[in-house]
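Quantities reported herein were computed from a predicted structural model and do not represent experimental measurements. Within every chain, numbering begins at 1; the chains are lettered A, B, ... in the order of the sequence lines, protein sequences first and strands thereafter.
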Number of protein chains: 2
Amino acid sequence: MSAAPKYSSSTENYLKAIFHLQKNDGVVTTNDVANELQTRPASVTDMLKKLKAQKLLLYEKYKGFKLSNEGKKVALQIIRKHRLWEFFLVEKLNFGWDEVHEIAEELEHISSKKLIDRLDEFLGFPKQDPHGDPIPDSNGKFTVPKQVDLLNLPVNKIAEVSSIGDQSPEMLELLGHKGIALGTRVEVKKKFAFDNSLELKFKNQSIVTISEHVAKNVYVKYDE
Amino acid sequence: MSAAPKYSSSTENYLKAIFHLQKNDGVVTTNDVANELQTRPASVTDMLKKLKAQKLLLYEKYKGFKLSNEGKKVALQIIRKHRLWEFFLVEKLNFGWDEVHEIAEELEHISSKKLIDRLDEFLGFPKQDPHGDPIPDSNGKFTVPKQVDLLNLPVNKIAEVSSIGDQSPEMLELLGHKGIALGTRVEVKKKFAFDNSLELKFKNQSIVTISEHVAKNVYVKYDE
DNA sequence: AATTAATTTTAGATTTGTCTAAATTAAAAT
DNA sequence: ATTTTAATTTAGACAAATCTAAAATTAATT
């Protein structure tokens, strides 16, 4: 068991940015990272070399790069810290979900592992942050999102629309009108036994009603 | 009302160190600061010039220096943050009083004022940190310590020995034996009505008993 | 396939905070 | 009142992270 090396805030920010970017299409470019971190491509190249030297990144110049296993591990710990602090700010200090990101960007760089594990315990080992994103556990693992249709989504669980069953123009028109699209974050607030219709709540606090027929055709993923 | 300038962690550490050092004898030297911050006198001189340029310090080379009002104000906000976080770590996350300092050294540099005011509220506006030091309020003011003899110190209040009434060799021998000296932190855990004797607890958890006669002659200060 | 365009990398400079070694000033001791 | 000692400051260098401008490489287009 070797002592955990401490990385600079800048290093941590690069790891986090690359981690997020390579989740999407799998491929990340120098320009992507520069854009994400509000910096210049030349600065990114400089840092890529440093990350490679620290064995956090696999990198061949002009040929692309991706995080090493160690790099991913570190990135996941930063993400864990970010999301736990966001949860703390919303649940304990009564911040709004939209004002916590910036503060968590600072808090995520506090290094004590003991602190973050105690905080996790204090918060009751939450599985999702206030935006519905999964919180990695102490080992960097997070719950594999569960896929269900909206009828089977438990009440008050934030979920993300992942696919649509019936893709007819009529259905898409209805979904478009209600504000439901792939990636939309929704929560079921009420289920009416009478006709199995549902009331959904969005992140912007607005509420819409959908029928059982629609609900059956909207698949979402969420973390238990 | 101008926007609060943000200072680097290093700048904040210098302000805090100088603040603490000038509390003692009033005079701070370059060497004192270098020693306190585990750095070199030349580095201190470099920073003194920067602090002066930012109007945080009054400084004439070779002639000494002290914090400006603005410098004091900033230092007090750092100290406020440090002590509130320490309180949080001990009270909410069950850390021991002896393991929180290092973590608070990092947390004190988180910049959000709203965060710290919310934290203060969440903690119930505590007046003392786990070491018994006063926590400055949102405006940088802290309660003027109240002076009383040990007989009149409320139970469970951490206080600091500030002066001794009877300074006879016999008294000083007794106090030396019990482990009571100027600056010692004590807490009254029990008062016996029978003979007005007291049980005192020290920071190292040990407990001693003293008589009414002794208690009357030991003056302490504490924050209400 | 050759040329143009876009991306990526290098070269050299800048800022912040630090350092060592040498020079300066102030304080202490003879 | 000198001289010696200690404290402080300057000069010049360095590491980290950034920048601009120019060069190198890859991708796209004709």
Side-chain angles (χ1 to χ4, degrees), chain A residues 5-18 21-22 24-67 71 74-75 78 105-106 108-109 111, chain B residues 5-19 21-22 24-67 71 74-75 78 105-106 108-111:
Chain A
K6 222 203 128 175
Y7 300 106
S8 72
S9 288
S10 186
T11 295
E12 294 187 345
N13 286 335
Y14 273 91
L15 293 175
K16 193 170 54 122
I18 297 169
L21 290 168
Q22 72 182 24
N24 302 340
D25 40 5
V27 174
V28 202
T29 69
T30 305
N31 273 342
D32 287 343
V33 178
N35 191 56
E36 176 83 6
L37 293 179
Q38 301 276 65
T39 182
R40 299 287 159 176
S43 309
V44 174
T45 301
D46 288 343
M47 185 57 94
L48 294 181
K49 286 190 278 192
K50 288 174 200 162
L51 294 176
K52 185 187 179 182
Q54 291 174 285
K55 297 189 188 305
L56 297 168
L57 194 74
L58 307 172
Y59 169 54
E60 296 295 331
K61 65 168 151 169
Y62 290 115
K63 292 185 162 185
F65 53 89
K66 61 177 184 178
L67 293 180
V74 176
I78 315 296
E105 285 289 299
E106 285 188 61
E108 72 189 6
H109 300 296
S111 61
Chain B
K6 220 201 132 177
Y7 300 106
S8 72
S9 289
S10 187
T11 295
E12 293 187 346
N13 286 335
Y14 273 91
L15 293 175
K16 192 170 56 123
I18 297 169
F19 184 91
L21 290 168
Q22 70 182 25
N24 303 340
D25 40 5
V27 174
V28 202
T29 69
T30 304
N31 274 343
D32 287 343
V33 177
N35 190 57
E36 177 83 5
L37 293 178
Q38 301 277 65
T39 184
R40 301 285 158 178
S43 309
V44 174
T45 302
D46 287 343
M47 185 57 93
L48 295 181
K49 286 190 277 191
K50 289 173 198 161
L51 294 176
K52 184 187 180 183
Q54 291 174 286
K55 298 192 188 301
L56 297 168
L57 194 73
L58 307 173
Y59 169 54
E60 296 296 330
K61 66 166 148 170
Y62 290 115
K63 292 188 161 183
F65 52 89
K66 62 178 185 178
L67 293 179
V74 176
I78 316 296
E105 286 288 299
E106 286 189 61
E108 73 188 5
H109 300 296
I110 304 294
S111 62

Contact class for A/Ser10 (heavy atom, under 4.0 Å): base, sugar-phosphate, or nothing? sugar-phosphate
Any residue of residues 28-43 of chain A with a heavy atom less than 4.0 Å from an atom of DNA chain D: A/Thr39, A/Arg40, A/Ala42, A/Ser43
If you look at every strand shown and take non-hydrogen atoms under 4.0 Å, does A/Lys50 touch a base, only sugar-phosphate, or nothing? base
By the 4.0 Å heavy-atom rule, please label B/Tyr59 as base, sugar-phosphate, or nothing. sugar-phosphate
One should read off an interatomic distance between A/Ile18 CD1 and A/Thr29 OG1, to the nearest 0.5 angstrom, of 10.5 Å
Are A/Lys16 and A/Glu36 close enough for a salt bridge, meaning some N to O gap below 4.0 Å? no
So which heavy atom on B/Leu67 is nearest to which on B/Gln22, and how close? N-OE1, 3.4 Å
Nearest whole angstrom, please: distance from the P of C/dT9 to the CG of A/Leu57. 11 Å
Of all heavy-atom pairs between B/Phe65 and B/Val33, which one has the smallest distance, and what is that distance? CZ-CG2, 4.1 Å
Students should find that the nucleotides of DNA chain D closing off the region near chain B, any atom under 4.0 angstrom from a heavy atom, are D/dA7 to D/dT10
Give the minimum heavy-atom separation between A/Glu12 and A/Tyr7, together with the two atoms involved. OE2-O, 3.8 Å
How long is the line joining CG of B/Leu48 and C1' of C/dT18, in whole Å? 14 Å
Mind listing the closest non-hydrogen atom pair of A/Pro41 and A/Thr30 along with its distance? O-CG2, 3.7 Å
By nearest-heavy-atom nucleotide on DNA chain D, the more 5' of A/Met47 and A/Lys61 is A/Met47
Value for CG (B/Asp46) from CZ (B/Arg40), rounded to nearest 0.5 Å, stands at 14.0 Å
Quick check: closest heavy atoms across B/Lys52 and B/Tyr59, and the distance to 0.1 Å? NZ-O, 3.2 Å
Which heavy-atom pair separates A/Leu15 from A/Ala75 by the least distance, and what is that distance? O-CB, 3.8 Å
Gap between atoms CD and P, on B/Glu60 and C/dT25 respectively (whole Å): 15 Å
How long is the line joining CG of B/Asn13 and P of C/dT16, in whole Å? 17 Å
Comparing B/Lys49 with A/Tyr14, nearest DNA chain D nucleotide closer to 5' gives the residue B/Lys49
